[in-house]
Amino acid sequence: MALAFDEKDLFACCGSTRFAAEMAKASPFPSLEAAVSAARDVWFDRVDVSGWLEAFSAHPQIGETKPAAPGKSDTSAQWSKGEQSTALSTATGSSLQELSDWNVQYKQKFGFIFIICASGRTSPEILAELKKRYSNRPIEEFQIAAEEQMKIIELRLAKLFSAKEHMTSTGDQGPGGLAKKVEDRVSIIGGHLTAVSEVSSKNTSQSTTRTRPPITTHVLDISQGCPASGMEVCLEMWRGNKPRPLFGEAEVGGWILQGVSSTDKDGRSGQLMDIVNEINPGIYRISFNTSKYCPGGFFPYVSIIFEIRETQKREHFHVPLLFSPFSFTTYRGS
């Protein structure tokens, strides 16, 4: 049976209003895996920089409590407390103070609170991870924080599904039994977040009908904390005499244009290729005209080359660019 959720339910899973609204539109979901797949699409492909920062700011620091926003449920605050229970049970007064001090330094450097999926982690583990990540470049840390937020979303969707399934069950469930069943199921799912992601990816790749092109991108201007609008983007596929381009060798005539576009106000490019159920396996190159967007920057342009294998031709490839005038990074979304 498909389960429906409203924006208030989904806002508890992620403190981004855009995320909650987009997920509510996609509801109902036939399974947890389907909800997780939709959530990854929304979080990495539809929520912009301001939405990511809004979600980060909704979290309390370790050891703190954060009241619910006006008109919103306090479910998120309750879940945060439960997710931090291991950290709190293993903390001392001095370690909590050290965590607090490092959180202040972290926020001063990066501009947002330290985000980590704290479920099952001890206070020393969290402190060690905070110190380790503090040395990252801002553009790298922003990406890591977004990935940690996605782990939290997956865990909370599991909690949401567990509670909803038992509420709609016709079986006789006392309050104690319901709480125990939800706790047991969430405990199992919380220990296998990676497995949930793999199932999600598998289900996505088996989808029979696409609603968007197989390759998409968007650009985030980290230097300004906003989407990069008006940046030219082009997508090409390798069709050279050799099976693949080789480092250091000329590539003249080897790349075939698939499509060109410019990013919109949300930093998302237009359609770079046709919407097809199966993409041709091969090597692709997506290029960004960074010099035109930022004439005083270091990079004349940025190109990302990646390979899509035969077994991946039904998957979706989202290749976002996190850009500033003197640095950039990318990763594969879903």
Query raised in the report: Would you call E147-K151 a salt bridge at under 4.0 Å N-O?
Result: no
Report task. Could you please spell out the steps behind the side chain to side chain contact (heavy atoms under 4.5 Å, CB included) verdict for L10 and L160? Result -> CA-CA 8 Å; L10 295 158; L160 200 61; 4.2 Å; yes
Query raised in the report: Taking all atoms of both residues into account, what is the closest heavy-atom pair of P243 and I283, and its distance?
Result: O-CD1, 4.4 Å
**Report entry** Minimum heavy-atom distance C13-I153, with the two atoms named
**Finding:** O-CG1, 3.7 Å
Report task. Please state whether the rings of F306 and F317 are parallel, tilted or perpendicular, taking 30° and 60° as the class boundaries. Result -> parallel
Query - Minimal non-hydrogen separation, P245 against W255, with atom names - result: CG-CZ2, 3.9 Å
Query raised in the report: Does D45 reach the main-chain N or O of V42 with its side chain, forming a donor-acceptor pair under 3.5 Å?
Result: no
Query raised in the report: Within the distance-only criterion (no hydrogens, no angle test), does the side chain of E54 pair as donor or acceptor with the backbone N or O of T17 below 3.5 angstrom?
Result: yes
Query raised in the report: If every non-hydrogen atom of R133 is compared with every non-hydrogen atom of F110, which pair is closest and at what distance?
Result: O-CZ, 3.8 Å
Query raised in the report: Would K109 count as a cation-pi partner of Y134, with NZ or CZ less than 6.0 Å from the six-membered ring centre and within 45° of the ring normal?
Result: yes
Query raised in the report: Under a 4.5 Å cut-off applied to non-hydrogen side-chain atoms, are Y293 and D221 in contact?
Result: yes
Requested in this report: Establish whether I144 and F44 are linked, either directly or via other cluster members, by ILVMFWY side-chain heavy-atom contacts under 4.5 Å.
Outcome: no
Requested in this report: Fit a plane to each ring of F56 and F112, take the angle between them on a 0 to 90° scale, and name the class: parallel (under 30°), tilted (30 to 60°) or perpendicular (over 60°).
Outcome: tilted
Query raised in the report: Is there a side-chain contact between R46 and D266, using heavy atoms and a 4.5 Å cut-off?
Result: no
Requested in this report: Kindly indicate, with the supporting measurements, whether the criterion side chain to side chain donor-acceptor pair (under 3.5 Å) is fulfilled by R156 and S80.
Outcome: CA-CA 10 Å; R156 293 186 175 187; S80 291; 2.9 Å; yes
Query raised in the report: Going by heavy atoms in the side chains, are W52 and D48 under 4.5 Å from each other?
Result: no
**Report entry** Check: E33 main-chain N/O paired with S37 side-chain donor or acceptor under 3.5 Å
**Finding:** no
Query raised in the report: Got a donor-acceptor contact below 3.5 angstrom from the H218 side chain to the T263 backbone?
Result: no
Query raised in the report: Are D274 and Q258 close enough that some pair of their side-chain heavy atoms sits under 4.5 Å apart?
Result: no
**Report entry** Full working for side chain to side chain donor-acceptor pair (under 3.5 Å) between D101 and Q97
**Finding:** CA-CA 6 Å; D101 293 342; Q97 183 59 52; 2.9 Å; yes
**Report entry** Atom pair CD/NZ of E7 and K25 - distance to nearest 0.5 Å
**Finding:** 8.5 Å
Requested in this report: Carefully, step by step, assess R121 and E83 under the rule salt bridge (charged side-chain N to carboxylate O under 4.0 Å, His left out).
Outcome: CA-CA 9 Å; R121 290 177 178 257; E83 290 156 5; over 6 Å; no
Report summary line: To the nearest 0.5 Å, atom CE of M231 lies from atom CZ of F288 at 8.0 Å
Query raised in the report: Does the S287 side chain pair with the main chain of C234, one donor and one acceptor, at a distance under 3.5 Å?
Result: no
Report task. Give a yes or no answer on whether the side chain of W238 reaches the backbone of E307 with a donor-acceptor pair at less than 3.5 Å. Result -> no
Query raised in the report: To the nearest 0.5 Å, what is the distance between CZ (F114) and CH2 (W102)?
Result: 11.0 Å
Report task. Output yes when a side-chain donor or acceptor of S27 lies under 3.5 Å from a complementary backbone atom of A24, and no otherwise. Result -> no
Query raised in the report: Taking atom OG of S162 and atom NZ of K159, what is their separation to the nearest 0.5 Å?
Result: 10.0 Å
Requested in this report: Determine whether more than 12 heavy atoms belonging to other residues, nucleotides or ligands lie under 6.0 Å from atom NZ of K292.
Outcome: no
Requested in this report: Give, for atom CG of L235 and atom CD1 of I304, the distance between the pair rounded to the nearest 0.5 Å.
Outcome: 12.5 Å
Requested in this report: Determine whether L322 and V219 make a side-chain contact, defined as any pair of heavy atoms from C-beta on separated by less than 4.5 Å.
Outcome: no
Query raised in the report: Tell me, do F11 and F5 make a side-chain contact under 4.5 Å, heavy atoms counted?
Result: no
Query raised in the report: Is any side-chain N of the basic residue among R212 and D41 closer than 4.0 Å to the acidic one's carboxylate O?
Result: yes
Query raised in the report: Just one of V260, T217, L257 clears the side chain to side chain contact (heavy atoms under 4.5 Å, CB included) bar with L272, so which one?
Result: T217
Query raised in the report: When you measure from the side chain of S229 to the backbone N and O of G267, does any donor-acceptor pair fall under 3.5 Å?
Result: no
Query raised in the report: What pair of heavy atoms forms the shortest contact from C14 to W43, and how long is it?
Result: SG-CZ3, 3.7 Å
Query raised in the report: Heavy atoms, side chains only, cut-off 4.5 Å: are S303 and R285 in contact?
Result: yes
Query raised in the report: Can you tell me if T90 uses its side chain to pair, donor with acceptor, with the backbone of T122 under 3.5 Å?
Result: no
Query raised in the report: Can you find a side-chain donor-acceptor pair between T216 and H316 that sits under 3.5 Å?
Result: yes
Query raised in the report: Hey, does the side chain of E148 reach the backbone of C117 with a donor-acceptor pair shorter than 3.5 angstrom?
Result: yes
Query raised in the report: Would a hydrophobic clustering, with Ile, Leu, Val, Met, Phe, Trp and Tyr connected at side-chain separations under 4.5 Å, put I115 with I139?
Result: yes
Query raised in the report: How about T86 and S89: does a side-chain donor come under 3.5 Å of a side-chain acceptor?
Result: no
Query raised in the report: Linking I/L/V/M/F/W/Y whenever their side-chain heavy atoms sit closer than 4.5 Å, directly or via other members, would I113 and M150 fall into one cluster?
Result: yes
Query raised in the report: Heavy-atom distance under 4.5 Å between the side chains of I215 and P213, does that happen here?
Result: no
Report task. Please name the pair of heavy atoms, one in E232 and one in S262, separated by the smallest distance, quoted to 0.1 Å. Result -> CG-OG, 3.9 Å
Query raised in the report: Distance from I279 atom CD1 to E315 atom CD, nearest 0.5 Å?
Result: 10.5 Å
